[in-house]
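Below: the structure, in structure tokens.
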Amino acid sequence: MAILGNKRPLKKPIGIYGGTFDPIHYGHLRPNLELCEILELDHVRFIPAFLPPHKDEPQTSVAQRLEMVAQAISEEKYFVLDDREIKRGGASYTVDTLKSLRQDYPDQPLCLLMGMDAFAGIDRWYQWEELLHYAHIIVSQRPETDFDDQKQWPEAIQNFYLTHKADRNAIQQSLCGHIRLEPVTQLSISATDIRNRLKNKQSIRFLMPESIISLIKYYNLYR
Ligand code: ATP
């Protein structure tokens, strides 16, 4: 347990990982397991978006995306499926999700986990500056970007990062409010690439668990 300045003990942080997962792949799974170890997270909650506000509508049904995520994380004890955005319906704004998680976990640090590509566009998210009122933001390095790419971020995001960046202790010892970049094993995989390969009748082996490939075949998805 971490100790705050005022000696109030905090439980281990919870990782929060949202995405379309259309479909889920190793680029979603491996970085989060590493973040679990690096930040000593209690667990990571995978939260599929009902309607992602910044992307095209998913190509598969909600039930199919839920099934793929549930199957992909079923054998990892640190990963948990959370369907609150699906149940809530409408546009899936992360700030709303964090508010509801904060109510469920009032005394545990929350860590919003995302790739650098997502962070580089965070200033387009609904009420983005309020995200830190409820959680920390942990940015994992994505293959096609590197940490020097910070200079290419919009100025507002550079300032956001510089104002709130913190070390690992700060993440574990406070409920919210900090940003941290963490390097993770690089896996140059994206759902878009997987969907394109399927359309082009190319193999998607070794990009995702075999069980997800079986589900994609079973439902004849992304053709
Ligand atoms: P799409 O290609 O459809 O845009 P995606 O593969 O990027 O999908 P999403 O579900 O949109 O996956 O992304 C959810 C989160 O996963 C985002 O924070 C994104 O940055 C992160 N992410 C996706 N792929 C990787 C990867 N290969 N390595 C690290 N993070 C990733």
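Note that ligands are numbered from 1 as they come in the structure, with each ligand's atoms numbered from 1 the same way.
When atom types are taken as modelled, the side chain of T20 and the backbone of D22 share no donor-acceptor pair closer than 3.5 angstrom. A donor-acceptor pair under 3.5 Å is absent between the side-chain atoms of D123 and the main chain of I157, judged by distance alone.
Residue-to-ligand polar distances keep M116 apart from ligand 1: every N/O pair is separated by 3.5 Å or more. Of the N or O atoms in P31, none lie within a sub-3.5 Å distance of an N or O in ligand 1. The shortest N or O to N or O distance between A191 and ligand 1 is below 3.5 Å. Between S188 and ligand 1, no pair of N/O atoms sits closer than 3.5 Å. When only interatomic distances are considered, the shortest N/O to N/O separation between I189 and ligand 1 falls below 3.5 Å.
For the ligand labelled ligand 1, residue R30 lies outside the 4.0 Å heavy-atom shell. Residue contact annotation: K55 has a non-hydrogen atom under 4.0 Å from ligand 1. Residue contacts with ligand 1 leave out F119, since none of its heavy atoms falls under 4.0 Å from the ligand. Ligand 1 has G18 within reach: a non-hydrogen atom of the residue lies less than 4.0 Å from it.
Near F21, the atoms of ligand 1 lying under 4.0 angstrom from a non-hydrogen atom of the residue are 10 (O). Those atoms of ligand 1 that come under 4.0 Å of a heavy atom in A118, given as number and element, are 18 (O), 20 (O). Atom numbering of ligand 1 starts at 1 in the shown order; those under 4.0 Å from a heavy atom of H25 are 6 (O), 24 (N). Listed by atom number, the atoms of ligand 1 under 4.0 Å from T192 heavy atoms are 1 (P), 2 (O), 3 (O), 4 (O). Applying the 4.0 Å criterion to heavy atoms of Y17 picks out, from ligand 1, the atoms 15 (C), 16 (O), 21 (C), 22 (N). Remark: ligand 1 atoms within the under-4.0 Å shell around heavy atoms of D117 are 19 (C), 20 (O). Close contacts between ligand 1 and G19 involve ligand atoms 10 (O), 14 (C) [criterion: under 4.0 Å to a heavy atom].
Ring centroids of H178 and H164 are separated by 6.0 Å or more, keeping the two rings apart. Ring centroids of F160 and W153 are separated by 6.0 Å or more, keeping the two rings apart. Checked against a 6.0 Å centroid threshold, the rings of H28 and F21 count as neighbours.
Atom CG of N220 is surrounded by more than 12 heavy atoms from other residues, nucleotides or ligands within 6.0 Å.
Under 4.0 Å from ligand 1, the heavy atoms of L187 that appear belong solely to its backbone. When non-hydrogen atoms are compared, ligand 1 lies under 4.0 Å from the side chain of R195 (C-beta onward) but not from its backbone.
Considering I47, V69, V62, L66 in turn, L66 is the only one that fulfils the side chain to side chain contact (heavy atoms under 4.5 Å, CB included) rule with D83.
By the 4.0 Å N-to-carboxylate-O rule, D104 lies close enough to R84 to be salt-bridged with it.
N159 meets the side chain to side chain contact (heavy atoms under 4.5 Å, CB included) test with E155; sequence neighbours excluded. The salt bridge (Lys or Arg N to Asp or Glu O under 4.0 Å) search around R88 returns none, not counting sequence neighbours.
Here the straight-line distance linking atom CD1 of I179 with atom CD1 of I138 works out to 9.5 Å at 0.5 Å rounding. Rounded to the nearest 0.5 Å, atoms CD1 (I216) and CE (M208) are 4.0 Å apart.
The option with the heavy atom closest to atom 13 (O) of ligand 1, from among M114, Q59, R65, H28, is H28.
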